[in-house]
Amino acid sequence: MSTNSEAKPAELAVAQANEAVLRRLPFDDTGDLADARRGFMGTAGEAVIRSSDGAAVWDLDAYG
């Protein structure tokens, strides 16, 4: 096993994939990061989670 810990440049395909992600996603919008740092993880689209037969199995409003 090699013990060389010096950083090497990324392979071309990896560098290109990373650039594509940087262009596609809004990395300059840090609002979600600020929310996460405050502990906010998001909201649920539906407050009641139901089983396949329609019965309520979890009610998020109960924690409001």
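In this structure, the side-chain hydrogen bond (donor to acceptor under 3.5 Å, both in side chains) partners of Asp53, at least two apart in sequence or on a different chain, are Ser51. Remark: Asp59 pairs with no residue by the salt bridge (charged side-chain N to carboxylate O under 4.0 Å, His left out) rule, at least two apart or across chains.
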Under 3.5 Å, which donor-acceptor pairs do the side chains of residues 21-34 form with other protein atoms, sequence neighbours left out?
from	atom 1	to	atom 2	distance (Å)
Asp29	OD1	Gly31	N	3.1

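Residue Phe40 belongs to no hydrophobic cluster, having no ILVMFWY side-chain heavy atom closer than 4.5 Å to its own. Through direct or indirect side-chain contacts shorter than 4.5 Å among Ile, Leu, Val, Met, Phe, Trp and Tyr, Val14 is connected to no other residue. Taking Ile, Leu, Val, Met, Phe, Trp and Tyr as hydrophobic and joining them when side-chain heavy atoms fall under 4.5 Å apart, one finds Ile49 in a cluster with Val57, Trp58, Leu60, Tyr63.
The stretch residues 35-52 participates, sequence neighbours left out, in these salt bridge (Lys or Arg N to Asp or Glu O under 4.0 Å) pairs: Asp35-Arg38.
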